[in-house]
Visitor: 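Handing you a structure now.
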Amino acid sequence: MVQNINKILFIFALVSVLGCNAPQAPPEVRLAEEQEYNLWRSGAEIYVPIEYNQYRISLRKANEDFIREKSRFAWFRNYKRVESDFRDILQSGYQIQTKINEQKIIKSENISNQISFLKSRIETLKGLTYKINEGRHARKDLIKAELLLSEASLRHESKDYRAAEEKLKDISAFISAAEGAILPIFDRYSDSVQIRKWQRWYEDTVAESRDKRIMVIIVNKSERILTLYKNGRPFRAYNVGIGRNGSADKLHAGDDATPEGRYRIIKKLPRSRYHKALLINYPNEEDRKNFILAKRKGLIPARTGIGGLIEIHGGGKDSMTYGCISMDNNKVDEIFNIVNIGTPVTIIGAVGYNNSLSSAIEGLQ
């Protein structure tokens with residue numbers, strides 16, 4: 001009995017001694033756990049998904065080996081291979097973190113460049129919108145783009161690059177919408193065929209004034225100037241306003257565009273809704289031909305009419321009209337007393353290629 005008790009005590013003492021000297025878990029295990037969490041927070045799944053996935057596979061296997069080794073009796077545990085594996089994993093993690101940092105620097109620079117480019121683009125487009133009445137539509141999209149750009153900048157500053165990129169994608173859509181609304185208008189004022197037609201009308205009208213020694217009116221829509229020519233020479237010039245969609249050629253009733261072509265004054269109205277007015281003979285024969293052609297092409301709704309009642313009237317040079325040409329009241333008084341019924345009125349988009357609208361988009365890509 002005494003011998004059995006002594007054996008038990010001896011074994012207990014041996015286990016206690018060996019237990020005290022049992023191998024400790026390698027510190028690399030805890031370091032790898034912290035490293036994996038830090039890599040996840042750094043966005044390893046986004047920036048280096050392949051390397052990070054391999055890292056996690058290796059870490060999972062090493063953890064399984066560690067648990068298996070830890071489950072053995074204390075005096076049989078050997079962590080040397082586990083420790084070596086975890087050291088390799090830590091080294092791999094350090095390399096992954098370096099790549100993440102490099103990718104973040106590259107992404108940050110790319111986003112910063114995009115923000116600068118989009119900011120410049122928005123500012124340029126905003127400037128263009130103030131040169132044409134139609135710009136009011138595009139400004140709505142540009143305001144939305146500016147708000148998103150501000151949000152993208154904040155995300156960029158907080159290093160949330162993924163969210164910043166999503167905002168930038170949305171910005172591009174609004175900028176494209178704004179460009180689609182205004183750039184075709186500016187392109188029209190750079191079109192060689194269109195410019196030559198306007199130049200021909202301008203030259204023929206000036207020649208008529210000179211040859212017949214009469215007064216004529218030429219309205220330049222791009223410069224917003226009405227010029228009186230007397231005997232073929234500029235006599236007086238006035239600033240004017242045009243239609244809400246006045247940069248385009250009028251095609252039908254309700255389009256708010258200001259017509260282009262060669263007309264004449266057919267009535268002088270000493271009293272009108274907008275002070276005094278000079279009524280011109282829109283639509284003329286050319287306008288009717290264009291209207292019929294546009295209807296055949298389906299560009300105009302079937303029940304839409306061609307419109308009329310286009311005037312040079314008062315109300316202010318800064319007014320946006322429904323297609324007429326507006327002037328300050330005192331200037332209308334002046335011109336009203338100079339011209340007569342039958343006076344030629346030529347309305348053109350521009351006189352030459354180097355007009356204010358074509359020049360505004362030079363260098364714009």
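Side-chain atoms are counted along with the backbone in the values below, which use heavy atoms only and exclude waters and symmetry mates.
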Visitor: In Å and rounded to the nearest 0.5 Å, what is the CG to CD1 distance from Asn110 to Ile106?
Guide: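 Answer rounded to 0.5 Å: 7.5 Å.
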
Visitor: Check the pair His156, Ser112 against side-chain hydrogen bond (donor to acceptor under 3.5 Å, both in side chains), reporting the backbone distance first and the verdict last.
Guide: CA-CA 8 Å; His156 177 249; Ser112 180; 5.0 Å; no

Visitor: Provide the closest heavy-atom pair for Ser222 versus Ser356 in the form atom of the first, atom of the second, distance.
Guide: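 Taking every non-hydrogen atom into account, O-OG, 2.9 Å.
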
Visitor: Please walk me through it: do Ile111 and Ile115 pass side-chain contact (heavy atoms from CB on, under 4.5 Å)?
Guide: CA-CA 6 Å; Ile111 292 174; Ile115 289 173; 3.8 Å; yes

Visitor: Taking only Lys NZ, Arg NE, NH1 and NH2, and the carboxylate oxygens of Asp or Glu, determine whether Glu260 and Lys197 approach each other closer than 4.0 Å.
Guide: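 The answer is no: the pair does not qualify as a salt bridge.
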
Visitor: Before giving the answer on side-chain hydrogen bond (donor to acceptor under 3.5 Å, both in side chains), spell out for Asn101 and Gln97 the whole-Å C-alpha distance, their side-chain angles and the decisive distance to 0.1 Å.
Guide: CA-CA 6 Å; Asn101 294 339; Gln97 186 64 64; 3.2 Å; yes

Visitor: Does anything in residues 299-314 pair up under side chain to side chain donor-acceptor pair (under 3.5 Å), and if so which pairs, sequence neighbours excluded?
Guide: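 Residue pairs passing side chain to side chain donor-acceptor pair (under 3.5 Å), neighbours aside: none found.
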
Visitor: Decide yes or no on side-chain contact (heavy atoms from CB on, under 4.5 Å) for Ile265 and Asn340, but give the supporting numbers first.
Guide: CA-CA 7 Å; Ile265 295 172; Asn340 299 312; over 6 Å; no

Visitor: Determine, step by step, whether Ile312 and Ile217 satisfy the side-chain contact (heavy atoms from CB on, under 4.5 Å) criterion, reporting the C-alpha distance in whole Å, the side-chain angles of both residues, the deciding distance to 0.1 Å, and the verdict.
Guide: CA-CA 11 Å; Ile312 300 172; Ile217 294 173; 4.3 Å; yes

Visitor: Taking all atoms of both residues into account, what is the closest heavy-atom pair of Gly352 and Ile195, and its distance?
Guide: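 Smallest interatomic distance, heavy atoms only, reads O-CD1, 3.6 Å.
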
Visitor: Is it true that Glu134 and Arg244 make a salt bridge, defined as a side-chain N closer than 4.0 Å to a carboxylate O?
Guide: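 No, this pair does not count.
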
Visitor: Output, in order, the C-alpha distance, side-chain angles, deciding distance and verdict of salt bridge (Lys or Arg N to Asp or Glu O under 4.0 Å) for Asp204 and Arg200.
Guide: CA-CA 6 Å; Asp204 289 348; Arg200 185 174 65 254; 5.0 Å; no

Visitor: Quick one: NZ on Lys317 to CG on Asn329, what's the gap to the nearest 0.5 Å?
Guide: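 That separation rounds to 12.5 Å.
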
Visitor: Within a radius of less than 6.0 Å around CD1 of Ile57, do more than 12 heavy atoms belonging to other residues, nucleotides or ligands occur?
Guide: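 Yes, enclosed.
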
Visitor: Between Glu166 and Arg162, is the closest basic N to carboxylate O distance under 4.0 Å?
Guide: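 Judged by the 4.0 Å cut-off on N to carboxylate O distance, Arg162 and Glu166 do not form a salt bridge.
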
Visitor: Kindly check if the number of other-residue, nucleotide or ligand heavy atoms within 6.0 Å of NZ (Lys104) is above 12?
Guide: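 Enclosed: over 12 neighbouring heavy atoms sit under 6.0 Å from NZ of Lys104.
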
Visitor: Are the side chain of Ser92 and the backbone of Asp88 linked by a donor-acceptor contact shorter than 3.5 Å?
Guide: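 It does not hold such a pair.
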
Visitor: Given side-chain hydrogen bond (donor to acceptor under 3.5 Å, both in side chains), test Arg224 with Asn133 step by step and report yes or no.
Guide: CA-CA 11 Å; Arg224 308 286 179 91; Asn133 290 348; 3.3 Å; yes

Visitor: Rounded to the nearest 0.5 Å, what's the gap from CD1 on Ile347 to OH on Tyr263? Could you check?
Guide: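 The CD1 atom of Ile347 sits 6.0 Å away from the OH atom of Tyr263.
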
Visitor: For the backbone of Val216 and the side chain of Thr343, can you confirm whether one donor and one acceptor N or O come within less than 3.5 Å of each other?
Guide: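 No: the side chain of Thr343 does not pair with the backbone of Val216.
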
Visitor: Out of curiosity, Asp318 CG to Asp328 CG, how far, rounded to the nearest 0.5 Å?
Guide: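 So the CG of Asp318 and the CG of Asp328 are separated by 7.0 Å.
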
Visitor: Kindly write out the residues that satisfy salt bridge (charged side-chain N to carboxylate O under 4.0 Å, His left out) with Arg262, not counting sequence neighbours, or none if the list is empty.
Guide: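 Expected list: Glu208.
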
Visitor: Please answer whether the main-chain N or O of Asn355 pairs with a side-chain N or O of Glu223 as donor and acceptor at a distance below 3.5 Å.
Guide: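 Side chain of Glu223 to backbone of Asn355: no pair is present.
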
Visitor: Run the salt bridge (Lys or Arg N to Asp or Glu O under 4.0 Å) test on Glu28 and Arg87 for me, step by step, so that the C-alpha distance in whole Å, both residues' side-chain angles and the decisive distance to 0.1 Å come before the verdict.
Guide: CA-CA 6 Å; Glu28 288 82 0; Arg87 284 179 178 174; 3.2 Å; yes

Visitor: Would Asp287 and Lys250 pass as an ion pair if we require N to O under 4.0 Å?
Guide: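 Result for this pair is no, no salt bridge flagged.
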
Visitor: Could you give all pairs that pass the side chain to side chain donor-acceptor pair (under 3.5 Å) test and reach residues 264-280, with sequence neighbours left out?
Guide: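 Qualifying pairs, neighbours excluded: His275-Asp333, Lys276-Asp333.
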
Visitor: Under the salt bridge (Lys or Arg N to Asp or Glu O under 4.0 Å) rule, what do Lys169 and Glu165 come out as? Steps first, then yes or no, please.
Guide: CA-CA 6 Å; Lys169 290 179 184 177; Glu165 287 178 324; over 6 Å; no

Visitor: What is the ring orientation for Tyr79 with Phe66, classed by angle as parallel under 30°, tilted 30 to 60°, or perpendicular over 60°?
Guide: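 Because their plane-to-plane angle lies in the 30° to 60° range, the rings of Tyr79 and Phe66 count as tilted.
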
Visitor: Mind checking whether Tyr189 and Trp198 have parallel, tilted or perpendicular rings, split at 30° and 60°?
Guide: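 Tilted, since the angle between the ring planes falls between 30° and 60°.
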
Visitor: Using the rule salt bridge (charged side-chain N to carboxylate O under 4.0 Å, His left out), only one of Glu36, Glu51, Glu33 pairs with Arg56; which is it?
Guide: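 The single option meeting the salt bridge (charged side-chain N to carboxylate O under 4.0 Å, His left out) with Arg56 is Glu36.
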
Visitor: Hey, is NZ on Lys295 packed in by over 12 heavy atoms from elsewhere, all under 6.0 Å?
Guide: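 Result for NZ/Lys295: enclosed.
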
Visitor: In terms of the angle between their ring planes, are Phe73 and Phe76 parallel, tilted or perpendicular, with boundaries placed at 30° and 60°?
Guide: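 The rings of Phe73 and Phe76 stand perpendicular, inter-plane angle above 60°.
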
Visitor: Which atom pair, heavy atoms only, marks the closest approach of Ala145 to Phe174?
Guide: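 Result for this residue pair: CB-CB, 4.0 Å.
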
Visitor: Looking at Ser319 and Gly316, would you say the former's side chain and the latter's main chain have a donor-acceptor pair under 3.5 Å?
Guide: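 Such a contact is found between Ser319 side chain and Gly316 backbone.
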
Visitor: Checking the side chain of Arg188 only, and the main-chain atoms of Ser247 only, is there a donor and an acceptor separated by less than 3.5 Å?
Guide: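 Checking the backbone N and O of Ser247 against the side chain of Arg188, a donor-acceptor pair under 3.5 Å is found.
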
Visitor: If I take atom CG from residue Asp256 and atom OG1 from residue Thr321, how far apart are they, to the nearest 0.5 angstrom?
Guide: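 Here the rounded value is 7.5 Å.
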
Visitor: Could you give the distance from OH (Tyr282) to CD1 (Ile266), rounded to the nearest 0.5 Å?
Guide: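 Tyr282 OH to Ile266 CD1: 13.0 Å, rounded to 0.5 Å.
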
Visitor: Can any side-chain N or O of Arg210 pair as donor or acceptor with the backbone N or O of Arg233 at less than 3.5 Å?
Guide: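 No, Arg210 side chain to Arg233 backbone: no donor-acceptor pair under 3.5 Å.
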
Visitor: Between Thr258 and Gly243, is there a donor-acceptor pair closer than 3.5 Å when you use the side chain of the first and the backbone of the second?
Guide: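 It does hold such a pair.
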
Visitor: Determine the sole option in Lys140, Arg139, Lys167, Lys126 for which the salt bridge (charged side-chain N to carboxylate O under 4.0 Å, His left out) test with Glu146 is passed.
Guide: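 Between Glu146 and the candidates, salt bridge (charged side-chain N to carboxylate O under 4.0 Å, His left out) is satisfied uniquely by Lys126.
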
Visitor: Mark yes when over 12 heavy atoms from residues, nucleotides or ligands other than Ile46 sit less than 6.0 Å from its CD1; otherwise mark no.
Guide: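 More than 12 within 6.0 Å, yes.
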
Visitor: Output yes when a side-chain donor or acceptor of Ser209 lies under 3.5 Å from a complementary backbone atom of Thr205, and no otherwise.
Guide: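 No, because the side chain of Ser209 does not come within donor-acceptor range (under 3.5 Å) of the backbone of Thr205.
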
Visitor: Under a 3.5 Å distance rule, please check whether Ser84 uses its side chain to pair with a backbone N or O of Lys80 as donor and acceptor.
Guide: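 Looks like no, no N/O pair under 3.5 Å.
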
Visitor: Does the side chain of Asn220 pick up a donor-acceptor pair with the side chain of Thr227 at under 3.5 Å?
Guide: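 No - no donor-acceptor pair under 3.5 Å links their side chains.
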
Visitor: Regarding Asp255 and Tyr322, is there a side-chain donor-to-acceptor distance under 3.5 Å anywhere?
Guide: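 On atom types as modelled, these side chains do not qualify, holding no pair under 3.5 Å.
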
Visitor: Could you tell me if Tyr47 and Tyr161 have a donor-acceptor pair between their side chains, going purely by distance under 3.5 Å?
Guide: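 Note: Tyr161 and Tyr47 side chains miss the donor-acceptor criterion.
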
Visitor: Starting from the C-alpha separation in whole Å, work towards a yes-or-no answer on salt bridge (Lys or Arg N to Asp or Glu O under 4.0 Å) for Glu34 and Arg30.
Guide: CA-CA 6 Å; Glu34 294 175 356; Arg30 179 181 56 79; 2.9 Å; yes

Visitor: Taking all non-hydrogen atoms of both residues, which atom of Ile89 and which atom of Ser58 are closest, and how far apart?
Guide: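 So the two residues come closest at CD1-O, 3.5 Å.
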
Visitor: Will you find, in the side chains of Tyr353 and Gln199, an N or O donor that is under 3.5 Å from an N or O acceptor?
Guide: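 No.
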
Visitor: Distance-only, no hydrogens or angles: does the Asn337 side chain make a donor-acceptor pair with backbone N or O of Glu334 under 3.5 Å?
Guide: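 Absent.
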
